[in-house]
Amino acid sequence: MRSLHFLVAGTLLAGHAAAAPQIPNFTQEEIDSGYAIRELSRIAYENAMARVAKSTSGCTMENVRIRREWRNMTLTDRKAYQEAVQCLMQKPSRNKGIDGARSAWDDYGVLHYFQTPYVHNSATFLYWHRHLNWVLEQDLQNLCGYTGTVSFWEWGLDCNGLGTVETSPLFDGSEYSIGSNGEKVTRPGGVFGMPAGSGGGCLLSGPFSNFTVNLGPNTARDPLKYNPRCFKRDLNTNLCSRAASLRNTTDVIIKSPNLEIFQAIVQGDTRWPEGIQAGMSVHGGGHFSISGDPGGDFYFSSLEPGFYFHHGNIDRLHWIWQNLDWENRQTISGTNTMFNRPPTPEAVPSDIMGFEPINRNVTIGQTIDTVGGTPLCYVLRDTSTDLAAHAVTQGLKNYVQNRNIRLIGIIVEVTYRLVANKAAGIAKLTDLRGKRIGTIPGTSAEVFVHRLLANAGLSDGYTTVYGTYCMREPCGSNTFPVQLRSRSIDAFGVWETSVELGIRALGVNNVAVFKNATAYRSVYGLYTTQEKLRNPQTRQKIVPYVRALNQTYEVYRNTPEKVYDWVGRTVQADVPVLQSVWEDHVWGPGRLDKDLIDLIQHEDEYLARVDRRRAFTRAELEAFVDTSVYEEAMRG
């Protein structure tokens with residue numbers, strides 16, 4: 001989400017592996033919050049880099065590459081990556097005689113189609129897909145001039161109360177994403193008895209929304225025949241929460257004594273009790289959290305750009321697990337056929353894995369070590385930050401999973417607005433009864449719409465339509481301003497500058513605009529953790545930052561003309577539109593008071609009902625807010 005109040009915090013803050021696994025004991029809360037997997041990742045990273053430091057050739061400290069989660073890549077790198085993938089979609093295919101292979105990107109669909117019976121539920125599952133991501137990285141570099149690395153998607157950060165797949169930075173439809181969800185298609189249910197996803201149709205917006213799928217589906221009489229159609233997604237947060245949460249991913253690592261069990265849990269391989277217990281598994285959970293066409297096609301899912309982020313995270317789990325006990329985890333387990341059908345011998349390091357004609361074939365042994373230099377030379381890193389910024393809505397969602405989170409300051413308070421089409425018979429709030437109102441699920445915007453209408457006696461009796469915001473003209477056909485103009489919705493409430501664009505789409509005389517700061521105001525806060533505050537070295541860095549942040553508010557309040565251009569570039573909004581909504585944003589001063597606790601409590605009561613959990617007590621919310629940093633910063 002790149003709303004106007006996103007900008008401040010994101011810009012101002014400027015040995016040998018042990019003989020036994022180094023796995024600390026974690027509480028369930030530490031596992032569910034993500035602390036455990038971050039700590040395991042840190043240990044694995046240090047172990048792997050210690051091995052790299054001893055190398056004088058092949059993979060060394062000078063050429064080892066670091067892969068990061070998508071949200072930890074710079075916006076420039078994200079843009080460069082997805083542009084390189086789009087470039088690959090324009091390059092000629094290297095397959096001869098295959099009708100549907102029209103591009104170098106299609107080659108990946110053909111390769112996965114032919115290799116599927118050999119690289120799933122087999123000894124090569126982890127290693128073949130590991131190398132496939134490396135092959136893609138080489139293509140992006142050699143054919144399209146990309147200088148970065150492939151990335152991964154930590155599924156658990158976007159589900160189970162921590163966020164939604166639909167609003168993930170990977171799938172939010174912004175220019176720095178890999179495209180949005182598909183258009184909503186109503187149907188009775190989804191895969192594995194789960195509720196259907198929130199899309200299902202052609203991509204609504206963003207990169208790859210014009211991408212044409214040329215191959216498949218695998219159920220076709222000739223799956224390799226040219227079959228052009230739109231690219232579909234069916235994002236599913238419920239399924240992600242069930243099978244790909246932070247608990248699911250951490251359990252894969254800490255409950256796997258050997259590679260045999262690790263593979264069974266990752267894939268839900270029913271030949272092992274642990275695989276049966278894993279159910280859909282993180283492999284299936286990640287795939288079907290994206291789903292759609294080709295994402296939900298077992299044979300052609302590699303044509304979905306999200307495939308490589310999903311398998312990047314599978315590789316990350318394997319990499320962490322390996323590097324926690326490197327001496328004992330350079331292993332292979334299983335045969336070279338899926339479920340060993342037909343029966344084949346146990347795999348050995350010299351067995352060949354196929355990647356032609358995209359790249360040369362390699363042995364399994366060449367892919368066991370990501371820093372072995374044969375040819376792999378990369379590590380994966382979870383970036384840990386001292387501070388983070390987000391709306392209180394998301395702060396509370398994270399507090400559910402991690403009680404160590406602390407809100408330490410207020411960056412900006414925003415009075416949201418709801419714009420309605422007068423032609424739909426709307427002149428006052430009560431006229432919204434029975435109307436279609438657009439907003440974004442799981443966000444402060446949804447809370448605002450609920451609170452505004454509940455305050456007017458409309459707790460229900462209207463239809464919520466979930467969609468996409470727009471920050472700058474021209475807005476896509478699926479965005480709220482255009483939907484308002486086309487009468488697909490009657491009103492919408494979300495952050496600026498989307499509402500202002502909705503007003504301008506119809507004309508100021510043709511809309512009714514509602515806001516009520518007493519009913520709801522969005523608070524965008526600065527967060528850290530209790531551990532960070534208790535660490536003297538870290539606290540010594542946080543306090544001066546908060547002091548500098550409070551000084552910066554003076555510019556945003558008193559001389560905003562100095563930052564209009566920069567803010568416009570940062571949030572992708574036109575300056576005249578930006579200026580017209582600036583007064584709705586109250587910058588700083590970072591204070592934390594009783595009134596804030598009251599506001600948070602009201603918001604939490606709504607979120608608790610939606611998320612089907614108990615609401616926090618007043619004492620728990622008071623613990624969520626820490627005033628000590630602000631007070632110390634002001635004394636200085």
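From a predicted model like this one, the values you see are computed outputs, not experimental measurements. Below, all heavy atoms of this structure are taken into account, side chains as well, without hydrogens, waters or symmetry copies.
Shown are K96, R102, R94, K91; of these, the salt bridge (charged side-chain N to carboxylate O under 4.0 Å, His left out) with D107 is made only by R94. Applying the side-chain contact (heavy atoms from CB on, under 4.5 Å) test between I37 and each of E30, E154, R247 identifies E154 as the sole match. Put simply, the residue from Y146, Y108, W105 that forms a side chain to side chain donor-acceptor pair (under 3.5 Å) with D139 is Y108.
In this structure, S55 contributes its side chain and C59 its backbone to a donor-acceptor pair below 3.5 Å. A distance-only check finds a donor-acceptor pair linking the side chain of Q141 to the backbone of G148 [under 3.5 Å]. A donor-acceptor pair under 3.5 Å is absent between the side-chain atoms of T237 and the main chain of T164, judged by distance alone.
Taking the six-membered ring wherever Trp is involved, the centroid distance between the rings of H311 and H112 does not fall below 6.0 Å. The distance between the ring centers of W70 and F152 does not fall below 6.0 angstrom. Ring-centre distance between F300 and F307: not below the 6.0 Å cut-off. Two rings, from H129 and H120, have their centers less than 6.0 Å apart.
If you check the side chains of Q82 and Q86, you find a donor sitting under 3.5 Å from an acceptor. N121 and R271 share no donor-acceptor pair across their side chains, judged by distance under 3.5 Å alone. For the residue pair T337/T344, the side-chain donor-acceptor check at 3.5 Å is satisfied. The closest side-chain donor-acceptor pair between N248 and W155, if any, does not fall under 3.5 angstrom. A side-chain donor-acceptor contact under 3.5 Å links D158 and S168. Side chains of D386 and T538: a donor-acceptor N/O pair is absent below 3.5 angstrom, by distance only. Judged purely by distance below 3.5 Å, without hydrogens or angles, the side chains of E137 and N133 never pair a donor atom with an acceptor atom.
The structure places CE of M338 at 10.5 Å from CG of D269, a figure rounded to the nearest 0.5 Å. Note that CG of L75 is 9.0 Å distant from CD of Q572, once rounded to the nearest 0.5 Å. Taken from CD1 in I332 to CD in E260, the straight-line distance is 14.0 Å, to the nearest 0.5 Å. How far CD1 of I320 is from CG of N47: 11.5 Å, rounded to the nearest 0.5 Å. We find the OG-CD distance between S122 and Q267 to be 7.0 Å, quoted to the nearest 0.5 Å.
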**Study point:** Candidate pair E62 and T60, rule side chain to side chain donor-acceptor pair (under 3.5 Å), full reasoning
**Key:** CA-CA 5 Å; E62 286 69 38; T60 68; 3.1 Å; yes
Item to complete: Could you check H390 against Y527 for ring pair (Phe, Tyr, Trp, His ring centres under 6.0 Å), going step by step and ending with a plain yes or no?
Response: CA-CA 8 Å; H390 220 310; Y527 302 86; 8.0 Å; no
**Request:** Start with the C-alpha gap between E274 and K255, add the side-chain angles, then the distance that decides, and say whether salt bridge (charged side-chain N to carboxylate O under 4.0 Å, His left out) holds.
**Result:** CA-CA 9 Å; E274 294 86 352; K255 293 184 177 181; over 6 Å; no
query: When you look at D32 and Q28, which way does the side chain to side chain donor-acceptor pair (under 3.5 Å) test go after all the steps?
result: CA-CA 6 Å; D32 292 343; Q28 193 62 60; 3.2 Å; yes
Report the C-alpha distance between E69 and R381 in whole Å, list the side-chain angles of each, state the deciding distance to 0.1 Å, and finish with yes or no for salt bridge (charged side-chain N to carboxylate O under 4.0 Å, His left out).
CA-CA 8 Å; E69 210 269 350; R381 188 168 192 181; over 6 Å; no
Verdict with supporting geometry, S103 and Q90, side chain to side chain donor-acceptor pair (under 3.5 Å): CA-CA 6 Å; S103 72; Q90 305 304 315; over 6 Å; no
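Within 6.0 Å of CG on D99 lie more than 12 heavy atoms contributed by other residues, nucleotides or ligands. Around atom CZ of F355, more than 12 heavy atoms belonging to other residues, nucleotides or ligands sit under 6.0 Å away. By the neighbour-count criterion of 12 heavy atoms within 6.0 Å, atom CG of N142 is densely surrounded, having more than that number from other residues, nucleotides or ligands.
In this structure, the side chains of F309 and I178 come closer than 4.5 Å at one or more pairs of heavy atoms. Using a 4.5 Å heavy-atom cutoff, the side chains of V64 and M49 are in contact. The closest side-chain heavy-atom distance from Y118 to M353 is not below 4.5 Å. Looking only at side-chain heavy atoms (C-beta outward), S180 and R233 stay at 4.5 Å or farther from each other. When side chains are defined from C-beta on, E46 does not count as touching N323, because their heavy atoms never get closer than 4.5 Å. At a threshold of 4.5 Å between non-hydrogen side-chain atoms, the residues T124 and N336 count as touching. Counting heavy atoms from C-beta outward, S151 and R68 have side chains that stay 4.5 Å or more apart. Within the 4.5 Å cutoff, no side-chain heavy atoms of L246 are placed close to those of I31.
Every residue two or more places apart in sequence or in another chain that forms a side chain to side chain donor-acceptor pair (under 3.5 Å) with T74 is listed here: D77.
Here the closest non-hydrogen pair linking Y127 and A123 is CD1-O, 3.8 Å. Residues G295 and S301 share a closest heavy-atom pair of O-CB, 3.6 Å. Pairing each heavy atom of L40 with each of L324, the nearest pair is O-CD2, 3.8 Å. The heavy-atom pair separating W319 from A48 by the smallest distance is CZ2-CB, 3.7 Å. Of all the heavy atoms in A101 and N95, the pair that sits closest is CB-CB, 4.2 Å. The heavy-atom pair separating F231 from D293 by the smallest distance is CD1-O, 3.5 Å.
Both tests pass for R67 against the ring of Y378: distance under 6.0 Å to the centre and angle within 45° of the axis.
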